[in-house]
Amino acid sequence: MEKVIYVNETDAQRKPLLPSASSSVMSGLRLTAGVPLKDRDDSVLASAAGAPVKHTSRPIVTGSSVIAMRCKDGVVMATDTLASYGSLARFRQISRLYKATDHCVIGGGGDMSDFFELCETVRKETTLEYCYDDGHMITASAIHQMLARIMYNRRNKMDPYWNYMLVAGWQHGKPVLGYVDLVGSHFVSEVIATGYGEYLGLPLLRKAYREDITVEEGKKVLQQILTVLFYRDARTIDRIQIACVTEKGVEISEPTKLETEWSYKAFISGARASDVSTW
Amino acid sequence: MSILQPNASVRGLPNADPRVASSGFKLGEHHDPYDPLDVAHPAAPLSRHFHPYEDNGGTVLSVSGGDYTIVASDTRLGSGYSVPTRYVSRVIKLTDKAVLASSGMHTDIAILHKVLRIRLTQYRHRHRKEMSLEAISQLLSTILYYRRFQPYYTFNVLGGIDENGQGWSYGYDAIGSHEKVRAVCSGSGQYLLQPVLDNQVEFRQMAADPTRKELQLEPCVELVKDAFTSTCERDIYTGDLVEICRITAKGVEMEKFELRAD
């Protein structure tokens with residue numbers, strides 16, 4: 001006989017939760033992420049019957065900035081490899097870049113488990129496309145739009161995927177670079193940065209950008225910006241990955257260590273109010 | 001706003017614990033009881049609620065003369081004190097005689113424009129003609145009110161030419177209330193722009209002058225450019241570029257005009 005779970009004693013006398021909901025429950029704790037859609041809808045129904053619904057109300061294991069630049073001959077995108085648990089540098093060798101297709105790469109910040117789930121959703125779609133075997137593959141802007149719709153749908157349910165993502169690709173002989181976030185905001189632009197990168201990196205990206213900048217130059221710019229971020233963003237590590245999407249396809253570098261320079265005067269003596277610059 | 005407060009975190013990162021925060025700030029200072037991002041309150045739990053809404057700013061306007069309407073919007077996308085991108089289009093050509101411009105939350109604008117485009121296509125297929133300006137103005141109101149209790153955070157102006165060839169503008173609030181006027185604007189620069197339009201287009205607060213005539217199309221475009229240039233001097237959410245649509249019997253023409261980008 002199936003065990004029926006009750007919300008509390010008063011509810012126990014009144015209404016058992018839906019049987020289908022209880023069948024997938026092993027403990028009293030239910031997580032929303034990873035639960036099949038049907039069960040998630042059940043949890044909404046259960047909430048109407050008085051049970052609390054568990055949503056992602058804050059990010060737990062987080063990734064910091066993602067930065068990217070659209071170049072003449074492709075797109076470059078870079079992240080560090082850290083996933084923090086609050087202020088703890090918990091996972092130091094996580095890749096926050098996902099190769100979605102031969103000509104599309106996704107970079108994610110925010111909650112990492114949400115990001116990996118989204119990557120799985122994208123993988124399901126690209127696998128389906130692969131199975132059609134018709135020589136076509138979903139384009140980067142289609143993936144960008146799909147992610148925007150998923151994110152917007154979840155924000156409408158007040159159950160967001162807590163992420164900031166960049167989508168880079170090469171399609172119809174042109175580079176594309178787009179942004180999506182947890183409320184569904186999305187746009188395309190020549191330079192984009194998320195997280196602390198938006199404050200510290202975006203001005204540098206805009207300064208470095210030219211219409212005829214090449215991927216090779218772009219990679220160097222991103223590396224410099226990640227160094228700047230490493231100096232000031234406390235949720236960053238000095239190990240980075242750079243992805244590059246060109247006509248030839250996606251190339252994601254192995255994690256490489258950033259070269260840092262700590263002998264600057266302000267780093268040694270500390271910045272004081274009387275200094276001309278605190279930088 | 002909480003963005004400059006002690007312990008306020010960057011969106012997407014967990015908050016610093018106010019109890020172990022370094023000295024330099026007096027906790028509880030500048031406390032805003034209505035701000036859920038304000039973690040300085042000792043009784044507040046150490047978590048943040050999810051905010052489904054965000055204001056991305058932007059200013060939109062629509063001005064109508066006898067046989068024309070001008071619809072314009074700037075292209076800056078603002079978020080907090082940053083400008084994530086300088087070019088997003090907020091105007092959409094609905095038919096050859098109607099253009100919509102929206103400010104507010106960018107993601108809601110995107111979906112609202114999508115919904116409208118779908119509804120107008122369905123109408124075109126069903127009735128073998130374009131929807132009239134008057135009908136579009138009512139449709140937009142209905143679509144907005146449909147989401148009365150989780151509104152599209154958008155502030156729209158609709159402009160175009162009606163079935164008699166007369167130019168008209170419509171101003172909306174987020175939940176579908178609307179009015180039919182000669183000149184209207186909406187968004188973050190509304191309070192800077194609207195008095196200028198009232199005075200220069202509708203001749204409010206002016207002495208009666210029998211020789212005065214209604215503005216013609218080109219002088220009116222110049223007025224719109226000046227108005228936007230002035231607005232972006234004082235409103236940080238307006239700037240970068242203005243897209244100006246002229247709607248006449250000939251159709252819709254779009255012009256781009258640069259604003260300051262700082």
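Just so it is clear, the values below take in all heavy atoms, side chains as well, and ignore hydrogens, waters and symmetry mates. Model, not experiment: these values are computed from the prediction. Residue numbers begin at 1 in each chain, while the letters A, B, ... track the order of the sequences.
- No hydrogens or angles considered: nothing links the side chains of B:Thr231 and B:Thr238 as a donor-acceptor pair under 3.5 Å.
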Exercise. Yes or no on salt bridge (charged side-chain N to carboxylate O under 4.0 Å, His left out) for A:Arg96 and A:Asp80, after CA distance, side-chain angles and deciding distance?
Worked result: CA-CA 8 Å; A:Arg96 301 199 278 122; A:Asp80 63 22; 2.7 Å; yes
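- Near-neighbour residues of residues 106-114 of chain B relative to chain A, defined by a heavy atom under 4.5 Å from a heavy atom of that chain, comprise B:His106, B:Thr107, B:Asp108, B:Ala110, B:Ile111, B:Lys114.
- A side-chain donor from one of B:Asp235 and B:Ser188 sits under 3.5 Å from a side-chain acceptor of the other.
- Listed for the A:Asp111 side chain is a donor-acceptor partner under 3.5 Å among the backbone atoms of A:Ile60.
- Between the side chain of A:Asn163 and the backbone N or O of A:Gly109, at least one donor-acceptor pair lies under 3.5 Å.
- Proximity to chain B is absent for every atom of A:Ile192, based on heavy atoms less than 4.5 angstrom apart.
- No more than 12 heavy-atom neighbours from other residues, nucleotides or ligands sit within 6.0 angstrom of CZ on B:Arg119.
- The candidate from A:Ser189, A:Ser185, A:Ala148, A:Ala193 with the greatest count of non-hydrogen atom pairs under 4.5 Å with chain B is A:Ser185.
- In this structure, A:Arg155 satisfies the cation-pi test against B:Tyr53, with its NZ or CZ atom closer than 6.0 Å to the six-membered ring centre and inside 45 degrees of the ring normal.
- Heavy-atom contacts from other residues, nucleotides or ligands closer than 6.0 Å to CD of B:Glu258 number 12 or fewer.
- Each of B:Asn56, B:Val88, B:Val83 has some count of heavy-atom pairs under 4.5 Å with chain A, and the biggest count is that of B:Val83.
- With a 4.5 Å cut-off on non-hydrogen atoms, A:Asn156 touches chain B through its backbone and its side chain both.
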